[in-house]
There are 4 protein chains.
Amino acid sequence: MELPDRDQKSIPTLVKDEDLVRAKRRQIVDAAVELFCRKGYHQTTTREIARQAGFSIGTLYEYIASKEDVLYLVCEAIHTEMEIQLREGVREGATGRETLAHAIANYMRACDRMQDSILLIYQETSSLVPESMQYVLQNEERITGVFQDILDQGRMDGSLRIEPAATPLMAHNIVVMGHMWAFRRWFLAKHYSLDEYIAVQTALLMNELGGEV
Amino acid sequence: MELPDRDQKSIPTLVKDEDLVRAKRRQIVDAAVELFCRKGYHQTTTREIARQAGFSIGTLYEYIASKEDVLYLVCEAIHTEMEIQLREGVREGATGRETLAHAIANYMRACDRMQDSILLIYQETSSLVPESMQYVLQNEERITGVFQDILDQGRMDGSLRIEPAATPLMAHNIVVMGHMWAFRRWFLAKHYSLDEYIAVQTALLMNELGGEV
Amino acid sequence: MELPDRDQKSIPTLVKDEDLVRAKRRQIVDAAVELFCRKGYHQTTTREIARQAGFSIGTLYEYIASKEDVLYLVCEAIHTEMEIQLREGVREGATGRETLAHAIANYMRACDRMQDSILLIYQETSSLVPESMQYVLQNEERITGVFQDILDQGRMDGSLRIEPAATPLMAHNIVVMGHMWAFRRWFLAKHYSLDEYIAVQTALLMNELGGEV
Amino acid sequence: MELPDRDQKSIPTLVKDEDLVRAKRRQIVDAAVELFCRKGYHQTTTREIARQAGFSIGTLYEYIASKEDVLYLVCEAIHTEMEIQLREGVREGATGRETLAHAIANYMRACDRMQDSILLIYQETSSLVPESMQYVLQNEERITGVFQDILDQGRMDGSLRIEPAATPLMAHNIVVMGHMWAFRRWFLAKHYSLDEYIAVQTALLMNELGGEV
DNA sequence: CATGAATGAGCATTCATTCAT
DNA sequence: CATGAATGAATGCTCATTCAT
């Protein structure tokens with residue numbers, strides 16, 4: 001499934017070759033994700049990012065204008081990756097209800113794989129300037145939108161019982177449910193395996209949404 | 001309702017008089033909460049904390065050993081405050097179900113009042129050394145425990161229908177539901193007032209827990 | 001002769017003790033004058049200034065807020081020193097003409113002693129932000145004013161023949177004559193000793209101003 | 001009037017074709033004069049010079065070996081331009097005195113047009129290595145020489161009364177008088193128009209040189 | 001010849017922490 | 001106990017210069 005087009009903040013670069021910019025920024029992001037997840041944004045120096053990315057500090061600044069740009073690119077990349085995993089794993093079921101159950105399980109597994117990144121988003125988004133934050137929140141909203149669409153579909157085909165006014169909230173509940181596995185893992189993993197977590201949360205949810213799973 | 005005793009990390013101080021230490025640390029925490037909420041932990045300098053607290057940088061370091069100590073004290077204070085608000089507002093209902101509904105509403109309002117502090121916990125807990133983080137997570141767990149107790153009570157008196165294995169998770173769901181009002185406010189507040197948010201979330205929950213609100 | 005009061009830009013400092021600020025800034029200025037004269041403002045690093053002043057870079061920044069502040073303080077100090085030397089050496093003669101001759105000789109000798117500083121002013125004033133430059137140009141104008149007063153005095157007592165409209169220009173000519181000894185020394189010193197320079201320039205000037213020296 | 005030949009520092013280049021070198025350096029100098037005048041030598045980057053000159057940074061370094069070379073070329077060009085304007089505008093009068101009056105007026109107007117360049121010379125010459133500075137000072141001396149020649153001519157034909165020993169100094173006085181219009185413009189322009197400035201200064205000078213204008 | 005990506009030494013500035021008074 | 005001046009390691013960022021293509 002293709003990612004739809006979307007707004008992205010354009011980050012200034014000194015380099016003209018667009019392919020090169022994309023390639024190097026990929027390296028920067030890979031390096032930074034690893035470092036930010038391990039040490040946090042503020043504890044990571046630009047020199048470390050450059051070194052980890054495999055080039056010099058001077059070269060780093062050919063492709064970004066400030067350290068904050070790296071954070072923005074990282075947030076972008078995380079959301080893009082999440083959206084890819086979300087859409088790739090979605091299979092249309094017979095009913096909205098089936099689609100939802102499948103999408104949730106798939107999403108939860110993605111959250112499990114990307115738990116460090118999810119924490120990163122929660123911790124460092126606030127270090128972005130307002131303009132960048134806008135874009136990041138838009139991405140967050142797009143992900144929520146995926147579930148909202150499924151909920152709407154289920155409401156239309158009658159397989160899910162939910163008030164229209166409650167669907168945005170329910171979609172957010174589902175999304176946060178995935179994040180929760182990341183940021184409350186210190187507790188949850190003591191009591192539930194990932195599969196159990198998915199099973200119980202899905203059961204509770206489906207209960208809310210009328211009838212059996 | 002009294003707060004039960006609990007473990008707290010002991011922070012070294014150069015000052016002997018324990019009452020004085022408590023008083024000054026109160027000042028430090030008040031100053032720091034305000035600053036950390038407004039500017040974040042890393043953006044706040046120790047000098048600013050001292051100034052806002054009303055004394056010199058030298059004095060600040062008589063009562064703490066490092067900036068991170070301030071962060072720990074702040075996290076402690078936030079959880080203490082939250083727990084106080086939680087327990088103060090709880091009134092025993094006729095059934096566990098009634099108690100729960102009341103506790104949730106009360107908790108949500110507390111989260112609304114303390115949204116900045118909640119964000120702070122989400123963003124900066126990771127800046128603590130592991131030992132401090134332990135204590136903070138314990139506090140988080142205590143808060144969750146409040147809801148778990150109510151759920152158990154409702155399960156015992158038959159007013160709530162929930163698997164024993166699901167209660168810890170349900171308790172976390174409730175707690176995170178409050179946090180969500182803080183960290184997703186950028187979206188939620190566009191669609192729901194606090195009262196609506198409480199109403200809809202409670203309805204969904206009660207649905208999960210069998211029958212009507 | 002006392003220096004009259006005058007406007008000075010107030011430079012922010014982190015240190016409260018005003019006497020200490022004055023003392024340390026004196027050290028900073030002494031260090032910076034020496035370094036700026038030898039290497040220029042841009043070629044001098046803040047660390048060098050601190051080291052030469054005898055303290056650490058951190059301490060330097062307790063007394064100034066930016067490198068440019070040092071430049072401003074240096075310019076201020078140079079003009080203050082020049083004005084002191086100017087006023088100290090002035091002795092009232094019987095006529096304005098005599099006072100002038102004496103003031104010029106005295107001023108020229110001051111320019112000779114302070115040639116490095118004069119060059120510094122010519123080269124680096126443009127590195128000041130407009131606000132600082134204002135103050136520096138005011139100082140320059142005050143020095144010129146000294147000669148203008150003497151010229152006026154001589155015009156009044158009839159010992160100097162000069163149009164009122166020409167006095168400001170004449171005063172500037174005299175001032176620049178002193179500077180010229182600094183910035184054209186590479187040529188002038190090949191042909192004239194300081195005394196000769198003073199003698200010839202004074203002769204030319206007095207010729208302009210009517211009659212003999 | 002042709003410019004006489006003169007010594008020029010030879011700047012190394014990677015390019016063989018001498019015409020090409022001359023053409024490109026012309027571009028470099030034009031770009032750099034504009035930038036240095038506007039922002040100063042140190043505030044201008046080599047990339048800006050290349051961009052303004054219309055080619056890449058790599059190409060820039062085909063025609064010069066260091067940023068300082070650009071400064072030298074700029075100083076050279078400024079003095080060349082000044083000398084051209086000086087010699088172009090000079091018309092032989094009946095007497096040295098007339099020639100002088102005319103040359104001064106012409107020179108002053110040139111200084112007025114080139115005030116930014118004059119300031120540049122005053123401010124940045126000291127950033128040259130001694131060898132380059134030598135050449136620049138020689139150029140300065142050549143310009144002074146123009147006036148010295150005229151003074152000598154006037155002394156010979158009896159139209160100017162001046163000691164032979166005073167002529168070099170007088171020539172420098174004239175030259176600096178032009179510069180003064182540039183570097184004291186912040187004061188002078190408040191009191192005099194260019195024409196007034198020329199008139200008064202010429203009057204004072206001619207007074208020094210015996211008799212009326 | 002022309003290009004422009006890569007380099008890394010260098011710089012101004014900050015800030016947690018100490019310690020003499 | 002309180003103060004606040006002193007410290008210097010650390011950091012984000014710049015820019016002259018090089019060199020492979």
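Letters A, B, ... mirror the listed sequences (proteins, then strands); counts begin at 1.
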Steps toward side chain to side chain contact (heavy atoms under 4.5 Å, CB included) verdict (C:Val136, C:Glu76): CA-CA 7 Å; C:Val136 171; C:Glu76 266 294 316; 5.6 Å; no

Going through the distances and angles, do C:Phe55 and C:Ile28 end up as a side chain to side chain contact (heavy atoms under 4.5 Å, CB included)? CA-CA 9 Å; C:Phe55 34 70; C:Ile28 293 172; 3.6 Å; yes

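Along DNA chain E, the nucleotide nearest A:Leu20 and the nucleotide nearest D:Asp17 are compared for position; the residue whose nucleotide lies closer to the 5' end is D:Asp17. Both A:Lys16 and B:Lys67 sit near DNA chain E, but only A:Lys16 has its closest nucleotide nearer the 5' end.
Screening A:Ile49, A:Leu73, A:Thr13, A:Leu14 for a side chain to side chain contact (heavy atoms under 4.5 Å, CB included) involving A:Ile64 leaves a single residue, A:Leu73.
A salt bridge between A:Lys39 and A:Glu48 is present, with a side-chain N of the basic residue lying under 4.0 Å from a carboxylate O of the acidic one. Checked for salt-bridge contact, D:Arg47 and A:Glu62 meet the test: a charged N lies under 4.0 Å from a carboxylate O.
Applying the ring pair (Phe, Tyr, Trp, His ring centres under 6.0 Å) rule to pairs touching residues 28-53 of chain A yields A:Phe36-A:Tyr41, A:His42-B:His42, sequence neighbours excluded.
Atoms CD and CG, from B:Glu34 and B:Asp116 in turn, are 9.5 Å apart once rounded to the nearest 0.5 Å. Considering CZ of D:Arg51 and OG1 of D:Thr45, their distance stands at 6.5 Å, rounded to 0.5 Å. Here the CD-CD1 distance, from C:Gln123 to C:Ile118, works out to 11.5 Å after rounding to the nearest 0.5 Å. In this structure, CG in D:Asp19 is found 13.0 Å from NZ in D:Lys24, a value given to the nearest 0.5 Å.
Chain B approaches DNA chain E within less than 4.0 angstrom (heavy atoms of the protein), and the contacting nucleotides run 5' to 3' from E:dC15 to E:dT18.
Nucleotide F:dC13 holds its C1' atom 12 Å from the CG atom of A:Leu14, rounded to whole Å.
Within residues 21-50 of chain C, the residues that have a heavy atom under 4.0 Å from DNA chain F are, in order of number, C:Lys24, C:Arg47. Within residues 54-66 of chain C, the residues that have a heavy atom under 4.0 Å from DNA chain F are, in order of number, C:Phe55, C:Ser56, C:Ile57, C:Gly58, C:Thr59, C:Glu62, C:Tyr63.
Side-chain polar atoms of C:Ser132 and C:Glu68 form a donor-acceptor pair below 3.5 angstrom.
Across every non-hydrogen atom of A:Ala31 and A:Ala53, the tightest pair is CB-N, 3.5 Å.
Take C:Glu124 and apply the salt bridge (Lys or Arg N to Asp or Glu O under 4.0 Å) test, not counting sequence neighbours, and it matches no residue.
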Dot-bracket notation for DNA chain E is requested: 5' to 3', Watson-Crick or G-U wobble pairs only, both distances under 3.5 Å, with ( ), [ ], | and . as defined. .||||||||||||||||||||

